[in-house]
Amino acid sequence: MIELLIQASTGPFSFLLDPLSHEFMRRALLVSALVGGVCGLLSCYMTLKGWALMGDAVSHAVMPGVVVSYALGLPFSVGAFVFGVGSVALIGFIKQKSRVKEDTVIGLVFTGFFALGLVLVSKIKSNIDLMHILFGSPLGISGSDVQQTLFITFLVISILLIFRRDLMLYCFDATHARSIGINTTFLHYLLLSVLSLAAVAGLQTVGIILVVSMLITPGATAYLLTDRFDRMNILAILSSSLSSVLGVYISYWSDIETGGSIVLVQTLIFLFAFLFAPRYGILKSGSYF
Amino acid sequence: MDFINTLDTTNLFRIEADQVCVDYNGTVALYDASLKLKSGSICGLVGMNGAGKSTFFKALMGFVRPSMGSIRINGQAVRKAQREQAVAYVPQSEGIDSSFPVSVWDVVMMGRYGAMNLFRIPRESDRKAVWHALERVELTDLRKRPIGALSGGQRKRAFLARAIAQRASVLLLDEPFSGVDVRTEKLMSQLFLQFRNEGRTILVSTHDLSHVRDFCDLVVLINKTVLAYGETSEIFTNENLTMTFGGLSQDLLYRQMSSEDFSE
């Protein structure tokens, strides 16, 4: 096996294997692929439920949580989760108690939380690198961050697998779900909690600003490629993980920003599907006229 | 004949609403609404938009709790009926995301979810129930099609099949006659009669009066409360309809009904 690796590392595929000799690259690839897979699976529900804006909101709102966690020496995911869920609760509360429309409330709350995060970063003395939070730093992930990510990944995937049919039904026809005794309020908050967790995981690889892309683009791509929910899940996971791995490699080879490169690959895959998808691509349906 | 989830089908009140009031944060949506429907009834629920039709449905499904009065389904509390999947809701075509990536089979299988374990893994009996339901609405050939590839009428039949697969004893149909083709309409009228013989009770929410006369034995006229209730032929008087729809739309209604008469 090792001989094979050595052989390969000098052979024509050495450009693929060379980066793996670095510990930081192995970590980056592992974390990015896992996070990509998890966000990809979740993105199916986000796009089908029409929660893209909610994904954007939650991912920005976790910012102060990350800062507070670092300041208190907690795992960053704890604070991020609290603020992610908190922002959603606040959005719901303001929407219910005022006459302001929902999209306005969402925009208002998440920018408020995000601003709070920025202010906290500048005020709290710590070794937080703002750029790492905003734009991600998969190449600089620490061992404990890898553990956290593994844990979050495991948790989110378990929840999504256990409740996949119920969540699908909830997205498709909540009225029917409720009428047969399925607790849709529980599913609503479950999906929001999972969204917060996935946003926390995603911000490590692509950062807070771009994490919403991880939460919607793979789902949108898969949606163009199939009419079956199960296939959509698989395609979203594959395209998302592939984008992450390719993005990290491209970033390594050409020394460009990793988060940007991952998201750009995702966007290109989406554009490819948009053009060439067998049934829904514009070149097929002729809707480009 | 389909097995349905209930103990006794003869002389049983499927729906008993007794002086039901529903209000949303102080705004009254329904007051003093009473209605009793036996097993094997086909009843039209007729009223204007905002007359409380969907509120009444929501109360029957347990989504809103009456602030006064009581509702019993098959003689049981709504919560209990919900757990037994006694009530099936058949949505309007427009109420459903038709581009959702599910097949007809998947949609009908959703009727079985309540009877499955947490993971919703279909057993052989669930698959049989789905197949049987698809046969009854003549959609077995299209079972693998995405729901979005179906016509409006076929989609309606798919949701009726879901209610059959659910083995519901009470069916709540929301505007079932809109956008329906001739074949579906014919099939629906057959199905309604079969449902009645099986002891199911159907409540049809609509403002399509001509279809109510063709399909429903009973009719309930509502405008925030039950205005009139009984045999369709007795209830459909000009006076009652004016009361239900208000003076303004009377003209329109009259035209709708008389043009129907001419075409027959």
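Just so it is clear: chains get the letters A, B, ... in the order the sequence lines come, proteins before strands, and each one is counted from 1. Note that the structure is a prediction, hence the values are computed from the model and not measured. The analysis underlying the following values was restricted to heavy atoms, covering all of them including side chains, and did not include hydrogens, waters or symmetry mates.
- A/D227 contributes atom CG, which lies 11.5 Å from atom CD1 of B/I147 (distance to the nearest 0.5 angstrom).
- Using a 4.5 Å heavy-atom cutoff, the side chains of B/P91 and A/D173 are in contact.
- Figure legend: A/R165 and B/Y113 shown without cation-pi pairing, the cationic atom not lying both under 6.0 angstrom from the six-membered ring centre and within 45 degrees of its axis.
- Counting heavy atoms of neighbouring residues, nucleotides and ligands inside a 6.0 Å radius, atom CZ of B/F177 exceeds 12 of them.
- In this structure, A/F172 and B/F100 have tilted ring planes: the angle between them lies in the 30° to 60° band.
- Residue B/S103 comes nearest to A/R228 through the heavy atom pair OG-NH2, 4.0 Å, listed as atom of the first residue, atom of the second, then distance.
- For the pair B/P101/A/L48, a side-chain contact is recorded, criterion being any heavy-atom separation below 4.5 Å from C-beta on.
- Using a 4.5 Å cut-off between heavy atoms, B/D106 contacts chain A through its side chain alone, with no backbone atom that close.
- Contact of B/V87 with chain A is made through the backbone alone, with heavy-atom distances under 4.5 Å.
- Around CZ of B/R65, the count of heavy atoms belonging to other residues, nucleotides or ligands within 6.0 Å does not exceed 12.
- Residue contact with chain A, scored on non-hydrogen atoms closer than 4.5 Å, is absent for B/R79.
- Dense packing is recorded around CZ of B/R127, with more than 12 heavy atoms of other residues, nucleotides or ligands lying under 6.0 Å away.
- Within the 4.5 angstrom heavy-atom criterion, no atom of A/C44 approaches chain B.
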Given B/R120 and A/L169, is the side chain to side chain contact (heavy atoms under 4.5 Å, CB included) satisfied, shown in steps?
-> CA-CA 11 Å; B/R120 318 288 179 206; A/L169 177 56; over 6 Å; no

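- Neither the backbone nor the side chain of B/V78 comes within less than 4.5 Å of any heavy atom in chain A.
- With B/Q82 contributing its side chain and A/R178 its backbone, the two residues share a donor-acceptor pair below 3.5 Å.
- Taking B/R145, B/M61, B/M110, B/R83 one by one and counting their heavy-atom pairs under 4.5 Å with chain A, the maximum is reached by B/M110.
- Both the backbone and the side chain of A/I162 come within contact range of chain B, with heavy atoms under 4.5 Å apart.
- Counting heavy-atom pairs under 4.5 Å between each of A/A177, A/G181, A/G50 and chain B puts A/G181 at the top.
- Only the side chain of B/I96 comes within contact range of chain A, judged by heavy atoms closer than 4.5 Å.
- Heavy atoms of other residues, nucleotides or ligands lying less than 6.0 angstrom from OH of A/Y189 number 12 at most.
- Listed by chain and residue number, nothing satisfies the side chain to side chain donor-acceptor pair (under 3.5 Å) test with B/R155 (two or more places apart in sequence, or in another chain).
- Residue A/I180 holds its CD1 atom at 8.0 Å from CZ of B/R162, rounded to the nearest 0.5 Å.
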